[in-house]
Amino acid sequence: MELNKFLELMKNNNAIRLNNDYILFNDLELYNFVTKKSVQFNNVDELMKYNFNNQPMKVFIENTNEFYNQIDGGRGATSSAMGGGFNHARSNGKDDIRSIKFPSEFNVGGRYQDYDKTLSLFKEKYANSDHEYGITVDEQGFVHKHIEGGKTSVAISGGKGEMIIHNHPGGGNFSDSDLISVASTRERGIVAVSGKRTYTFTKNKNFNAKGFIKAVKNAKWPTKYSYDKGADWWLKKNASVYGYSYKS
């Protein structure tokens, strides 16, 4: 990726996921999800000279074709760790190829669209699908992107103020990838359709993106809860702390 394109991407988002372990916030804080340690840079030049993956950050960026949001299929394997925590679907890397479909399949109301009707149509089409689909929907209900993913994930991102709607073929609440992806962007929120259940996460004006992203990776809930109930409990408990609304 060209450096100026990366800097524009960073300017227009709250954070950029560099790989599974690292995320870069737009205030130039590089955070490691595994060690929970950060490196704070004073300026872009300092960041670009930093040794990342045995090479300067500038070289790493230029050798990366694309940075995109991976929205995945829910809980994956059920956690047996003490205190629970968010999981993500287990992908073998071979089934997540993107296919671009026509947004017009949803924009059937002419000049007048409705978000709730768009959501209902998505449920009708994909609630029981055996692989993932995703759409981006603006506040008027118009669909701008329509992507077919693989069995465990779909790579999709929306514009400022748009909602991401996707399905979870295996059922279940949001994954960590779902929540971190939407928190990293200027999207309004994310919806997961899991069979007959629908989970909705919407950011408020005072949303604390950095605090929420770090908290998701460290989330714990009572071990008596299943994954879905535990995630539900945690997301409701922390809504006012990080500035979002959640319903299931």
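- Ile165 and Ile147 are assigned to two separate hydrophobic clusters, defined by single-linkage of ILVMFWY side chains at heavy-atom distances under 4.5 Å.
- For the pair His166 (side chain) and Tyr133 (backbone), a donor-acceptor distance under 3.5 Å is absent.
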Q: Check the pair Lys125, Glu105 against salt bridge (Lys or Arg N to Asp or Glu O under 4.0 Å), reporting the backbone distance first and the verdict last.
A: CA-CA 10 Å; Lys125 291 172 71 71; Glu105 292 184 35; 3.1 Å; yes
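- The environment of Lys101 atom NZ is dense: over 12 non-hydrogen atoms of other residues, nucleotides or ligands sit within 6.0 angstrom.
- Two rings, from Phe201 and Tyr246, have their centers 6.0 Å or more apart.
- The aromatic rings of Tyr225 and Trp233 sit tilted, their planes meeting at an angle between 30° and 60°.
- If you run side chain to side chain contact (heavy atoms under 4.5 Å, CB included) between Lys145 and each of Thr136, Ile164, Ile135, only Thr136 comes through.
- Between the side chains of Asn208 and Tyr242, no donor-acceptor pair of N or O atoms lies under 3.5 Å.
- Of the possible polar contacts, one joining the Ser194 side chain to the Gly172 backbone as a donor-acceptor pair under 3.5 Å is found.
- A distance below 6.0 Å separates the ring centres of Phe67 and Phe6.
- Ring centroids of Phe207 and Phe212 are separated by less than 6.0 Å, placing the two rings close together.
- In summary, the aromatic rings of Trp221 and Tyr227 are positioned with their centroids under 6.0 Å apart.
- In this structure, Lys214 is positioned above the aromatic face of Tyr31, its NZ or CZ under 6.0 Å from the six-membered ring centre and within 45° of the axis.
- Checked against the 6.0 Å centroid criterion, the rings of Phe142 and Phe106 do not qualify as a close aromatic pair.
- Each of Arg188, Lys160, His144 was scored for a side chain to side chain donor-acceptor pair (under 3.5 Å) with Asp138, with one residue passing: His144.
- For the pair Lys217 and Phe33, the distance from NZ or CZ to the six-membered ring centre is under 6.0 Å and the angle to the ring normal is within 45 degrees.
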